[in-house]
Amino acid sequence: MRERALILDTNKTQLDQALMQYQHIDYIRISTSEIRCMPQEETLAAIDNIMDRTPFQYVVASSESNMEFAGFLRSRYGLAGLGYEQALCATNKWRMRQCLANDLPMPKCWLSGHFRDNFAQLTQGEATHFIIKPLSGSSSQGVECLTIDQLHRKLECLDTLMLVEEAIKIDEEFHFDGIVDQSEIINAQLSCYDQPLLRARGQTGASIHLPSSHAMFSVAHSLAQRAIRKLELQQGVFHMEVYRQGDQVIFGEIGLRPPGAGNAESLLRLTGMNLWQAFVNSQLSRPIDNTPSRVYNGYSGIIKVYPRGYKTSDLLHLPNVVAVSELKQVTQKTSRPGVTDFRYLVFASCQSLAEFHELIKQLSNYPLT
């Protein structure tokens with residue numbers, strides 16, 4: 001019997017490239033943008049009809065936005081892969097913290113309604129700022145850092161449920177991305193942001209892939225492994241955000257999908273780790289054979305830059321730049337002030353962290369004079 005997979009499609013090129021490895025599988029694509037416009041009963045009736053007429057064995061999520069729904073469908077039909085409860089704990093930030101709070105160090109948090117009802121009591125401590133964020137979505141979309149007075153005004157006019165989190169002073173922000181097989185991390189890469197995301201300013205934003213000898217690697221690896229076991233992930237990928245505050249390392253969030261903002265492409269180009277292929281393999285119940293084609297020991301990464309009016313060839317002439325991708329239409333989805341819409345993804349490979357930061361500085365002042 002020929003296999004079929006239901007694809008929750010968001011027009012991701014990297015997903016399509018990974019699916020091409022299995023041309024003997026019939027792919028049934030439904031647009032998640034269309035699903036959002038349909039009533040829930042109609043959506044489920046339509047997918048039930050697909051299952052009745054063309055039974056499928058797999059459901060493939062394509063982004064953070066449809067992972068929860070993919071988990072729901074797998075649970076509904078008894079299919080292999082992440083079930084609804086697992087997907088919920090990896091996409092809903094409140095459920096994530098409920099699941100992991102006893103195992104990982106993390107900031108205090110509350111649902112917005114509970115915080116509003118207990119506002120005076122919860123703001124009597126040392127915290128002077130709080131983070132408010134949507135329950136679902138990527139780590140920086142719709143996120144605000146507010147004073148106590150600003151938060152009070154925000155909560156009074158809020159018309160949707162959100163998460164409130166105690167703000168912490170961050171010295172460095174990292175992301176740790178990897179591949180899991182049989183509940184063990186088999187390949188992982190530590191990266192740091194050039195500046196914490198909520199404090200980012202200016203015309204650039206960078207993510208730097210660090211060597212495994214970096215002091216933070218083993219700490220991040222331990223946190224990620226504990227989260228993976230708690231989430232009961234057997235096979236798949238992860239993207240975890242962690243913060244350094246002095247000598248303390250604090251868990252931010254974890255997603256069971258490849259990183260966005262060009263980071264998955266950067267990791268593939270510069271370290272050989274193919275997170276999208278592993279992500280698809282895990283959803284199609286295929287073995288994960290994803291050992292990088294080379295050992296990574298350098299300082300490479302991605303720099304997002306703004307310079308409109310300049311060509312890709314101009315950026316390629318800069319030292320240590322190995323590739324450039326132009327973003328056709330980008331809408332800045334964060335609420336951070338001082339950050340412009342990015343136009344290019346610049347991939348670079350350097351010999352040292354200082355050399356990479358020098359390139360960031362050059363691009364921040366681009367065009368060069």
Side-chain angles (χ1 to χ4, degrees), residues 36 40 64-65 67-68 84-175 193 195-201 205 223 226-227 230-231 239-256 260 331-339:
R36 293 192 194 100
Q40 183 178 9
E64 175 91 9
S65 63
M67 283 196 65
E68 184 180 321
Y84 180 62
E85 188 67 22
Q86 284 178 293
L88 192 63
C89 290
T91 55
N92 181 297
K93 294 175 173 59
W94 173 246
R95 291 299 309 277
M96 182 189 301
R97 279 154 175 72
Q98 284 186 313
C99 177
L100 301 176
N102 292 331
D103 296 85
L104 301 176
M106 63 182 68
K108 296 177 183 178
C109 66
W110 307 265
L111 288 174
S112 55
H114 176 80
F115 199 97
R116 185 176 56 246
D117 283 353
N118 299 275
F119 191 86
Q121 177 185 349
L122 295 175
T123 54
Q124 285 180 351
E126 296 181 359
T128 59
H129 289 74
F130 290 85
I131 304 294
I132 187 165
K133 60 179 70 175
L135 289 182
S136 301
S138 69
S139 61
S140 60
Q141 290 182 15
V143 181
E144 295 181 87
C145 182
L146 305 174
T147 65
I148 292 175
D149 288 342
Q150 289 171 332
L151 179 61
H152 185 268
R153 291 193 294 271
K154 177 84 173 182
L155 292 174
E156 286 302 311
C157 63
L158 200 62
D159 60 358
T160 187
L161 185 64
M162 299 186 77
L163 189 74
V164 178
E165 188 176 275
E166 192 172 70
I168 58 174
K169 294 180 180 179
I170 298 172
D171 296 318
E172 286 184 287
E173 186 170 352
F174 298 84
H175 61 96
Y193 296 108
Q195 50 187 327
L197 292 180
L198 287 179
R199 296 208 305 262
R201 297 291 186 276
L223 290 180
R226 283 148 62 186
K230 190 69 176 180
L231 293 168
H239 168 70
M240 183 179 73
E241 305 273 347
V242 292
Y243 315 123
R244 184 183 67 79
Q245 183 188 51
D247 295 331
Q248 187 179 11
V249 177
I250 301 167
F251 170 83
E253 298 175 5
I254 190 168
L256 302 183
T331 301
Q332 183 56 247
K333 298 178 181 179
T334 73
S335 54
R336 291 172 284 139
V339 180

Which distance, rounded to the nearest 0.5 Å, do you find between the [atom1] of [X] and the [atom2] of [Y]?
X	Y	atom1	atom2	result
K154	D149	NZ	CG	15.5 Å
R226	I254	CZ	CD1	12.0 Å
M96	E253	CE	CD	5.5 Å
L135	T160	CG	OG1	7.0 Å
Q150	L155	CD	CG	12.0 Å
K133	M162	NZ	CE	10.0 Å

[X] (side chain) donor-acceptor with [Y] (main chain) under 3.5 angstrom:
X	Y	value
N118	H114	yes
D171	G246	yes
Q248	Q245	no

CA sep, side-chain torsions, deciding dist, call: E68, Y84, side-chain contact (heavy atoms from CB on, under 4.5 Å): CA-CA 6 Å; E68 184 180 321; Y84 180 62; 3.5 Å; yes
Partners meeting ring-ring contact (aromatic ring centres under 6.0 Å, His included) with H129 (sequence neighbours left out): none
Per the salt bridge (charged side-chain N to carboxylate O under 4.0 Å, His left out) rule, what does the pair list look like for residues 96-120, sequence neighbours excluded? R97-E165, D103-K230
Close side-chain approach of T123 to F130, heavy-atom, < 4.5 Å: yes
Close side-chain approach of P105 to V249, heavy-atom, < 4.5 Å: no
Please evaluate residues I131 and L163 with respect to the criterion side-chain contact (heavy atoms from CB on, under 4.5 Å), reporting the C-alpha separation (whole Å), side-chain torsions for both, the decisive distance (0.1 Å), and the verdict. CA-CA 8 Å; I131 304 294; L163 189 74; over 6 Å; no
Could you label the plane-to-plane angle of the H175 and Y193 rings as parallel, tilted or perpendicular, counting under 30° as parallel and over 60° as perpendicular? tilted
Walk me through it: do I250 and I170 pass the test side-chain contact (heavy atoms from CB on, under 4.5 Å)? CA-CA 9 Å; I250 301 167; I170 298 172; over 6 Å; no
Stepwise side-chain contact (heavy atoms from CB on, under 4.5 Å) test for L122 and V164: CA-CA 11 Å; L122 295 175; V164 178; over 6 Å; no
So if I apply the side-chain contact (heavy atoms from CB on, under 4.5 Å) rule between W94 and each of C89, C99, C109, which one comes out positive? C109
So, H239 and E241: side-chain donor and acceptor under 3.5 Å apart, yes or no? yes
Kindly write out the residues that satisfy salt bridge (charged side-chain N to carboxylate O under 4.0 Å, His left out) with E166, not counting sequence neighbours, or none if the list is empty. none
All heavy atoms of S112 vs all of L161, minimum pair found to be OG-CD1, 3.6 Å
What are the two closest heavy atoms between Y243 and I168, and how far apart are they? CD1-CD1, 3.9 Å
